[in-house]
2 protein chains.
Amino acid sequence: MLLHSVAVSIDGYNPNDYPPFAVTVDLVVLTVRPPNLKVLLTQRGESPAKGSWALPGGFVGSEQDLIDAAQSKLTDKTGIQVAEAHLEQLGTFGAPKRDPRMRIVSVAYLALVADPPEPELDEASWHRVDGLSDRSLAFDHSEILAKGVERARSKLEYTTLATSFCGAEFTVAELRSVYEAVWGTELDAANFHRKVMATDGFVEATGRTESAGRGRPARTYVASDARDLHPPIVR
Amino acid sequence: MLLHSVAVSIDGYNPNDYPPFAVTVDLVVLTVRPPNLKVLLTQRGESPAKGSWALPGGFVGSEQDLIDAAQSKLTDKTGIQVAEAHLEQLGTFGAPKRDPRMRIVSVAYLALVADPPEPELDEASWHRVDGLSDRSLAFDHSEILAKGVERARSKLEYTTLATSFCGAEFTVAELRSVYEAVWGTELDAANFHRKVMATDGFVEATGRTESAGRGRPARTYVASDARDLHPPIVR
DNA sequence: ACCTTTCTTGTCACAATGACTATAAAAAGG
DNA sequence: CCTTTTTATAGTCATTGTGACAAGAAAGGT
């Protein structure tokens, strides 16, 4: 294998005249269990970094599209059906020494899921995001996680994606608890309610109500058709 | 070469047990020549897609970091020094058939440059973004360009990046012409001026003025230290 | 019956915005 | 030299969005 071949231009090359890379996908799978934001991690069973926690991931097949690889890893690890979850590309990490064994480029994906079942694989489990230090994950996965969390925080401001963390039917208070868990702040219930209701296409009333045990029962809603929030809900 | 080998897990693999990919970087290099937003394109000299326009790019070296590859392509094609330009990762495109010859994953970068010299290479030149149709570039480069333009439009709302399109010293009118070119809209000069001035850390007065030929001379400013705009300047 | 809890609506002062007017400082043309 | 034109910058005002807070509505607990 021509590990050190160098291509001089995108023109005039042939399939033997480029440096070979392995391509993987890594997943930042987030969910909300109020009042906490949680991330799915797997414990590595092999060296390097044996025993430490890492993001779930794996190789991309030679004929597999990147998003398909991410979807299949997500289903493998969580049993979540793809249609229920939000999945978007987060960024690509390819520092030469990020994996000590070989040159790997990893395409990170961010998944937002609601009501996850307990992970199917024993070595995967949910962890509080705010309980992880900046360096506690294997490889550069802490950096990838930080980028995923920041992306989620930012998307909640400008899009309706918070509904991806809720079940099909939810109350405004549940939606607020999503914002509070992801942002790590408390929000005024009355003002939050007003803003959600004032935003066309964010949520749609079902006509039903639901009691959380204590207090006045809340009306329930389903996600509506808007994708962007006008005006945004700012942190 | 094991073109069809399939890795079953991230654990327990060895360097011969993964599908090999070629990794390239593609650059969306944008600049503003009022009243137009322009993108740097190269004309392909080889098949496939010989003669059609494409984004500049090239292979990533086997020991080269992704951003370093992007920086070196940028300097090669434009002569721009890296410190003067803004460069950020845009996204990764890896559909199995995006290049007909082999499996290629391309990491796209977005570069915003000010006052570019004429391209050093004859086959590269600046093109109006609004003069390109959705399908006029080679491979999936029209899609990549669209994503780059949308990223630039969005970043102008929430960050101070518009200053990257200006020289070191600029007037508020020049900054406004950047917004108008990137967004493709006209802005009220008085309101724009008020918003820029009201945003701490966006621009810093030099004390000098500069005449554009006609009209009252404008004060000049340099970019200041803020990276995010509070409040944003909305489209 | 009362209290507590939570959801929901309402009030009010204040900040940000768009549309617009007014003034300032230069060049161009008589 | 004075007026017109052009652009930059400042100010006005009605409207809208916001945070802090009060108040009413609807349930369960004691």
Side-chain angles (χ1 to χ4, degrees), chain A residues 34-35 156-160 162 166-167 169-181 183 185-222 226 228-235, chain B residues 34-35 156-158 160 162 166 169-181 183 185-222 226 228-235:
Chain A
L156 258 55
E157 293 191 72
Y158 305 113
T159 74
T160 59
C166 299
E169 196 171 335
F170 53 86
T171 67
V172 176
E174 284 166 3
L175 190 62
R176 177 164 46 86
S177 74
V178 166
Y179 276 86
E180 291 177 331
W183 287 350
T185 60
E186 293 210 339
L187 299 174
D188 181 276
N191 290 336
F192 181 83
H193 193 275
R194 180 183 53 185
K195 290 183 96 166
V196 171
M197 290 306 151
T199 304
D200 283 352
F202 195 176
V203 299
E204 212 166 312
T206 62
R208 290 183 289 277
T209 62
E210 177 186 300
S211 173
R214 298 182 299 270
R216 171 177 172 179
R219 299 181 190 146
T220 64
Y221 299 84
V222 294
D228 296 306
L229 290 178
H230 297 296
I233 298 183
V234 284
R235 269 180 271 193
Chain B
L156 258 53
E157 293 191 74
Y158 305 113
T160 59
C166 299
E169 196 171 333
F170 53 87
T171 68
V172 175
E174 285 166 3
L175 191 61
R176 176 165 46 86
S177 73
V178 165
Y179 276 87
E180 292 177 331
W183 287 351
T185 60
E186 293 211 339
L187 299 174
D188 181 275
N191 289 338
F192 181 83
H193 194 275
R194 178 182 55 185
K195 291 184 94 165
V196 170
M197 290 307 151
T199 304
D200 282 353
F202 195 177
V203 299
E204 211 166 313
T206 63
R208 289 183 290 275
T209 62
E210 179 185 299
S211 173
R214 298 183 299 269
R216 172 177 172 178
R219 299 179 191 147
T220 65
Y221 299 84
V222 294
D228 296 306
L229 290 179
H230 298 295
I233 297 183
V234 284
R235 268 178 273 193

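Order of the sequence lines fixes the chain letters, A, B, ..., with proteins taken first and strands second; residue numbering starts at 1 for each chain. These numbers come from a predicted model, not from an experiment.
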Set out, line by line, the N/O atom pairs under 3.5 Å between protein and nucleotides 13-18 of chain D.
{"from": "D/dT18", "atom 1": "OP1", "to": "A/Lys195", "atom 2": "NZ", "distance (Å)": "3.3"}

Discussion item. Just to verify, what does B/Arg235 make a salt bridge (charged side-chain N to carboxylate O under 4.0 Å, His left out) with, not counting sequence neighbours?
Written reply: B/Glu150, B/Glu157
Worksheet item: Measuring from B/Met197:CE to B/Phe192:CZ, what's the distance to the nearest 0.5 Å?
Response: 9.0 Å
Discussion item. Quick check: do A/Asp188 and A/Lys195 have side-chain heavy atoms less than 4.5 Å from each other?
Written reply: no
Quiz: residues 207-216 of chain B side-chain donor-acceptor pairs under 3.5 angstrom, not counting sequence neighbours:
{"from": "B/Arg208", "atom 1": "NE", "to": "B/Glu169", "atom 2": "OE2", "distance (Å)": "3.1"}
{"from": "B/Arg208", "atom 1": "NH2", "to": "B/Glu169", "atom 2": "OE1", "distance (Å)": "3.1"}
{"from": "B/Ser211", "atom 1": "OG", "to": "B/Gly213", "atom 2": "N", "distance (Å)": "3.2"}

Worksheet item: When you list every nucleotide of DNA chain C with an atom under 4.0 Å from a heavy atom of chain B, which one comes first 5' to 3', and which comes last?
Response: C/dT17 to C/dA27
Worksheet item: B/Ala218: what forms a side-chain contact (heavy atoms from CB on, under 4.5 Å) with it, not counting sequence neighbours?
Response: B/Thr171
Worksheet item: With sequence neighbours left out, what residues match A/Tyr158 under side-chain contact (heavy atoms from CB on, under 4.5 Å)?
Response: A/Ser154, A/Pro232, B/Tyr158
Worksheet item: Which heavy atom in A/Val178 sits nearest to a heavy atom in A/Cys166, and how many Å separate them?
Response: CG2-SG, 3.8 Å
Worksheet item: Can you give one letter per nucleotide of nucleotides 22-30 of chain D, going 5' to 3': B for a protein heavy atom under 4.0 Å from the base, S for sugar-phosphate only, - for none?
Response: B-BBBSS--
Fill in: Min side-chain heavy-atom separation A/Ile233-A/Trp183 under 4.5 Å
yes
Practice prompt. Check whether any side-chain nitrogen or oxygen of B/His193 sits under 4.0 Å from OP1 or OP2 of D/dT9, and answer yes or no.
Written response: yes
Worksheet item: Hey, what bend do you get for the helix from C/dA1-D/dT30 to C/dG30-D/dC1 if you fit axes on five pairs at each end, rounded to 10°?
Response: 10°
Worksheet item: So, does B/Tyr179 use its side chain to make a donor-acceptor pair with the main chain of B/Leu156 at under 3.5 Å?
Response: yes
Discussion item. So does A/Ala226 get a backbone contact from the side chain of A/Thr160, meaning a donor-acceptor N/O pair under 3.5 Å?
Written reply: yes
Discussion item. Run the side-chain contact (heavy atoms from CB on, under 4.5 Å) test against A/Glu186 and tell me which residues pass, sequence neighbours left out.
Written reply: A/Glu180
Worksheet item: Once you round to the nearest 0.5 Å, how far does CZ of A/Phe202 lie from CG of A/Leu175?
Response: 4.5 Å
Fill in: Interatomic distance, B/Arg208 CZ vs D/dA8 C1' [rounded to whole Å]
18 Å
Discussion item. Going by the rule side chain to side chain donor-acceptor pair (under 3.5 Å), which residues pair with B/Asn191 if we only count those two or more places apart in sequence or in a different chain?
Written reply: B/Arg194
Item to complete: Return the residues of residues 170-179 of chain A meeting this criterion: a heavy atom under 4.0 Å from some atom of DNA chain C. Order them by number, or give none.
Response: A/Ala173, A/Arg176
Practice prompt. Could you pull out all residues at least two apart from B/Glu174 that satisfy salt bridge (charged side-chain N to carboxylate O under 4.0 Å, His left out)?
Written response: none
Worksheet entry | Validation row: A/Val172, A/Val203 side chains within 4.5 angstrom (heavy atoms) | no
